[in-house]
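Below, all heavy atoms of this structure are taken into account, side chains as well, without hydrogens, waters or symmetry copies. Just follow the structure's listing: the first ligand is 1, and inside any ligand the first atom is 1. Quantities reported herein were computed from a predicted structural model and do not represent experimental measurements.
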Amino acid sequence: MSKQTKILIIYTGGTIGMVEDKETGALYPFDFEALTQQIPEIKKFKFEIDSFSFDPLLDSSNMTTQDWIKIAEVIEMNYEKYDGFVVLHGSDTMSYTASALSFMLENLNKPVIFTGSQLPIGVLRTDGKENFITAIEIAAANINGRPIVPEVAIYFENQLFRGNRTHKFNAENFEAFQSINYPVLAEAGVHIKYNSTAILPFPKKKFTVYKEMNTSIAVLKLFPGIQKEVVESIISIKGLKAIVLETFGSGNAPNVPWFLDLVRTAIKNGIIIYNVTQCRGGSVEIGRYDTSIDMGKIGVVGGFDITIESAIAKLMFLLGKNYTKKQIWKLLQTSIRGELTVA
Ligand code: ASP
């Protein structure tokens, strides 16, 4: 007899399990028991389904790197026991957590599927039921015992995405996530159609969990008219290790002397500057325009088509390991979990 598939649900919070506060009308997360009562369908699965709940449950806007580490630990502790993991998570910061987990879980050979919803599961028109049920099905999907999706992914509104390629682009529609620079991993209609060529290959090396995330980073979003004082104050933050520089178009920034001087000073002071475009599609191409050529010369690192969410998580992850600056520099321009495409 073949062994029964086992799935662990990690419930962190988010709208999917929220109810309305009677006084304020605001949504807050409720317990797993209450959530599953709204979805008796999951009892029909032939798999063994267990759960682990965060305490307290979180609106994902309150998530910190400690919570990412906790998810990683729960997966690590239960890795051998389960065939796949479903992480119920608020959609607001889901792309950040999924990106972070993709880096923290090296040589992952089991599915870790994030999902949530825009409407609570107790609401009649909820999108949560379909998202939850299909996420479980994907986490359990295998061919001859080998998981079909051995990676950290987000399932939302009929589509499965590589987690570190996504961003939340809509606060209203059920279709809340996009992955503009990378194809969907699966599409759920009558059948779940897996895009096997887009899914990461099954790893050969040993599964390893990394739990150090260094948060000494900042994000500097450029805008026309940005003042010198703003840039100055960010680069002079004590102990700062890296800046995600959100640039225009294909990685462009004002090529005025004051700006380039400040960037040069920051790099001299040991701060890594990671050039990531504000555009959600396309890639950074340092040197394509005059407005990026100098940044390349002074040592700004280009992030190709990485998302902002993934860039932040990747920097925290790389800074948390004992790499030299040179190694970090190289890895930032290399795809380590399928998070970017080198152009
Ligand atoms: N504020 C909620 C959260 O991110 C939104 C959601 O779950 O969709 O936790």
Identity of the nearest option to atom 9 (O) of ligand 1, non-hydrogen atoms only, from Ser91, Ser60, Ser61, Ala171
Ser60
In a check of side-chain contact (heavy atoms from CB on, under 4.5 Å) between Thr247 and each of Ile286, Asn252, Leu222, which one passes?
Leu222
Within the 6.0 Å centroid threshold, strictly below: Phe207 and Tyr79:
yes
Could you tell me which atoms of ligand 1, counted from 1 in the order shown, lie closer than 4.0 angstrom to a heavy atom of Gly14?
7 (O), 9 (O)
Of all the atoms in ligand 1, which lie at a distance below 4.0 Å from a heavy atom belonging to Thr15?
2 (C), 5 (C), 6 (C), 7 (O), 8 (O)
N/O of [X] under 3.5 Å from N/O of ligand 1, yes or no?
X: His89; result: no
X: Asp92; result: yes
X: Asp59; result: yes

Just by modelled atom types, is the Gly116 backbone N or O under 3.5 Å from a matching donor or acceptor in the Asn131 side chain?
yes
Side chain, backbone, both or neither: the part of Ser117 lying under 4.0 Å from ligand 1 by heavy atom
backbone
Would you say the side chains of Ser60 and Asn62 form a donor-acceptor pair under 3.5 Å?
no
In short, Arg337 meets Asn164 closest at the heavy-atom pair O-ND2, 3.1 Å
Would you kindly check if the NZ (Lys) or CZ (Arg) of Arg280 is within the cone defined by 45 degrees around the ring axis of Phe169 and under 6.0 Å from the six-membered ring centre?
no
